[in-house]
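Here the structure is laid out as structure tokens; the discussion comes afterwards.
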2 protein chains.
Amino acid sequence: MADIAARLGVSKMTVSRALSRSTRRRSDASEDLRQRILNTCQEMGYVMDQTARTFSSKRSGFIATLIPALNNSNFSDTAHGLTSAVESAGMQVLMGYTDYDMPTEEQLIRTLLMRRPEGIVVTGGSHTPLAKKLLESSGVPVVETWDLLTQPIAHNVGFSNAQAVGELVRALHAKGYRRMGFLGGLPQSDARGADRRQGFLEAMAQLDLDATRTLAIGSAPVSMEAGAQGVVQMLSRWPELEAVICVSDHVAFGALSECQRRGWSVPGRLAIAGFGGFEIAQACHPQITTVAVDSAGIGKVAGQLLLKAIALSRSGQKLAPETVVMPYRIELRGST
Amino acid sequence: MADIAARLGVSKMTVSRALSRSTRRRSDASEDLRQRILNTCQEMGYVMDQTARTFSSKRSGFIATLIPALNNSNFSDTAHGLTSAVESAGMQVLMGYTDYDMPTEEQLIRTLLMRRPEGIVVTGGSHTPLAKKLLESSGVPVVETWDLLTQPIAHNVGFSNAQAVGELVRALHAKGYRRMGFLGGLPQSDARGADRRQGFLEAMAQLDLDATRTLAIGSAPVSMEAGAQGVVQMLSRWPELEAVICVSDHVAFGALSECQRRGWSVPGRLAIAGFGGFEIAQACHPQITTVAVDSAGIGKVAGQLLLKAIALSRSGQKLAPETVVMPYRIELRGST
DNA sequence: TTGAAAGCGCTAACAG
DNA sequence: CTGTTAGCGCTTTCAA
């Protein structure tokens with residue numbers, strides 16, 4: 001920066017100011033000088049050192065986010081929505097993925113905090129005690145997403161997975177289904193999956209139906225293959241089963257394909273529903289009934305909330321904890 | 001850090017040294033003192049400032065990577081492989097996604113370089129001239145992945161998409177297929193897709209077959225829905241079509257489902273093949289013939305290459321450009 | 001094994 | 001609108 005300044009016969013500060021604001025403001029260099037500075041940077045191959053800038057200004061420009069997995073489009077869509085929301089404010093998303101493992105999450109939180117993010121977005125409300133403490137004492141706004149929490153750390157953007165599955169159960173009930181089951185992964189490996197199962201149990205109980213037909217197969221993320229194996233196990237154990245609700249569209253698709261492979265009609269022999277509103281549930285045949293979630297919207301709202309909180313904190317204020325309930329939609333399709 | 005030091009009656013440097021190495025080395029604090037330091041950090045809620053550390057040591061601990069899209073499991077698997085490979089060396093992956101857009105890539109490269117990464121991994125070899133110049137003059141090792149390039153910037157980890165599709169064409173030819181077509185997106189929107197189409201054209205020409213049955217529908221990433229529409233258009237235009245090779249498994253799955261919807265037997269009426277070895281191609285019924293790619297392996301090898309280059313550069317040397325050709329496998333399945 | 005001094009490249013704060 | 005000065009929290013380097 002000093003070299004650029006020397007070349008143009010100005011001070012470092014003038015260069016710094018020209019580079020630090022894309023839109024001119026009061027007390028910026030004149031537009032002409034600003035252009036000459038930018039050109040010289042280009043010519044000399046100068047790229048501003050964000051580390052030094054962060055160090056001096058105490059603003060990293062990072063928003064840290066943790067998602068369970070990268071290759072689950074629900075979560076990558078949330079990350080995408082978050083990125084879009086914050087990049088207009090010049091913020092960059094620093095992402096980590098936990099592989100659905102809480103100790104990994106704690107370790108990642110510690111690593112991410114060392115980068116001094118200006119805000120943090122985590123998925124869900126299950127954290128190790130230390131992780132929770134780290135988030136609380138981080139000094140920056142925290143948003144927990146996807147689940148609706150009774151005791152959020154600060155901000156919360158999500159919906160009740162249990163309630164959504166409950167509505168799905170009632171929708172299937174209204175179509176005449178009675179002997180319904182739930183197919184998911186091991187509850188301890190996935191808080192959201194456990195919530196969905198809980199919603200199934202409660203809704204069935206409310207309808208005075210037998211809620212014992214549930215199967216847990218494998219750890220999160222539950223694969224399509226697990227869905228295929230699961231549906232076979234369920235039908236052999238409960239031949240009277242009329243409909244199965246799966247913890248995700250991936251599991252539902254695995255189950256659907258296995259039925260097709262064995263010549264079992266869907267929804268004739270068995271109705272199948274999923275969760276998540278993934279592309280595949282719409283593309284396949286028959287299309288799979290699902291709970292469509294606004295994954296990108298969750299990220300976008302979380303980002304907007306953070307920007308608001310960050311703006312306030314720069315003027316010395318603090319945004320009161322906010323909870324935003326996101327919508328979802330039961331999509332009844334051919335598979336039921 | 002000064003507070004921690006003061007509390008224990010030692011100097012900042014002792015604390016710094018205790019914190020900077022997880023495994024003790026020569027000239028570190030005694031193990032007992034080291035434990036007391038770590039405990040005090042925990043008690044006082046101290047989290048080391050990586051920004052200051054980077055600033056002082058000139059090592060960011062970042063590996064920057066650019067992928068076309070987050071929600072394509074091929075690329076997210078590569079990112080996953082890269083992360084696993086470098087995290088053991090204490091490196092963190094800083095990710096950006098280009099949405100298959102080259103100007104966006106250029107902008108992201110500029111942004112990422114400001115964070116002073118110690119290595120860069122980009123997808124493919126198509127970059128704007130300025131992006132290429134930025135990468136070349138970044139001063140850190142660069143790996144281009146997925147495509148096999150004739151003129152890589154430095155290191156290259158990938159395979160020939162054209163050759164892979166060529167092998168697929170010959171495998172289908174061996175099964176008796178002659179009237180084959182290619183279904184993909186607009187070539188200018190996706191260099192890899194264009195390569196795959198090119199491989200189709202060349203292989204068909206080599207076999208003395210008519211290679212005119214190709215359709216480009218939509219920009220990358222081509223959706224399942226586009227695959228569904230595409231297969232209908234192709235069959236109405238070329239009713240004699242026996243087999244269609246799709247630019248990705250997603251497109252192939254969309255095509256397959258549309259055929260099922262319309263009661264067209266696959267592979268009876270039309271054989272369908274995909275590309276990428278995605279989970280869905282294996283889970284669906286019939287299973288889809290595909291080119292299985294070691295996506296995670298690409299990231300892993302790229303990461304190892306970078307670690308080697310970084311280690312060398314710390315001793316003042318420079319790793320000569322390396323090209324690693326990754327394997328792929330033609331998976332013949334029920335859809336053909 | 002430990003400590004003291006210097007400085008990394010930028011921006012905040014204030015002065016002009 | 002521009003410049004000067006000080007300093008961000010670490011690590012490097014050198015000395016003990």
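Heavy-atom basis, side chains included; hydrogens, waters and symmetry copies ignored. Just so it is clear: chains get the letters A, B, ... in the order the sequence lines come, proteins before strands, and each one is counted from 1.
- Contact between A:A79 and B:L70 at its shortest, heavy atoms only, is CB-CD2, 3.8 Å.
- In terms of polar N and O atoms assigned as donor or acceptor, the side chain of A:S56 comes within less than 3.5 Å of the base of D:dG7 in a complementary pairing.
- Atom CZ of A:R314 is separated from atom P of C:dT11 by 14 Å (rounded to the nearest Å).
- Side chains of A:H127 and A:E105: a donor on one and an acceptor on the other come within 3.5 Å.
- C:dC8 atom C1' lies 12 Å from atom CZ of B:R116, rounded to whole Å.
- Heavy atoms of B:K12 sit under 4.0 angstrom from at least one base atom.
- Taking atom NZ of B:K58 as the reference point, atom P of C:dC10 lies 10 Å away to the nearest angstrom.
- Distances from the side chain of B:R17 to the nucleotides C:dT11, C:dG3, D:dC10 place C:dG3 closest.
- Side-chain proximity of A:M13 to the nucleotides C:dA12, D:dG9, C:dG9 is greatest for C:dA12.
- For A:R115 and B:F62, the positive end sits near the middle of the six-membered ring, less than 6.0 Å away and at most 45° from its axis.
- Counted by atom type alone, B:D99 and B:T104 present zero donor-acceptor pairs between their side chains at under 3.5 Å.
- Of the side-chain N and O atoms in B:S11, one or more sit less than 4.0 angstrom from OP1 or OP2 of C:dG3.
- Applying the 4.0 Å criterion to OP1 and OP2 of D:dG3, one finds that A:T14 has a side-chain N or O inside that range.
- When only modelled atom types and interatomic distance are considered, A:H155 and A:E144 share no side-chain donor-acceptor pair under 3.5 Å.
- Taking atom CE of residue B:M44 and atom P of nucleotide D:dG9, one finds them 14 Å apart after rounding to whole Å.
- In the set D:dT11, D:dG7, D:dT2, the nucleotide with an atom closest to the side chain of B:M1 is D:dT11.
- Atom CG in A:L19 sits roughly 16 Å away from atom P in C:dG9 (whole-Å rounding).
- At whole-Å resolution of the value, CD1 in A:I37 and C1' in C:dC10 are 15 Å apart.
- In this model, the phosphate group of D:dC10 is approached by a side-chain N or O of B:Y46 to a distance below 4.0 Å at OP1 or OP2.
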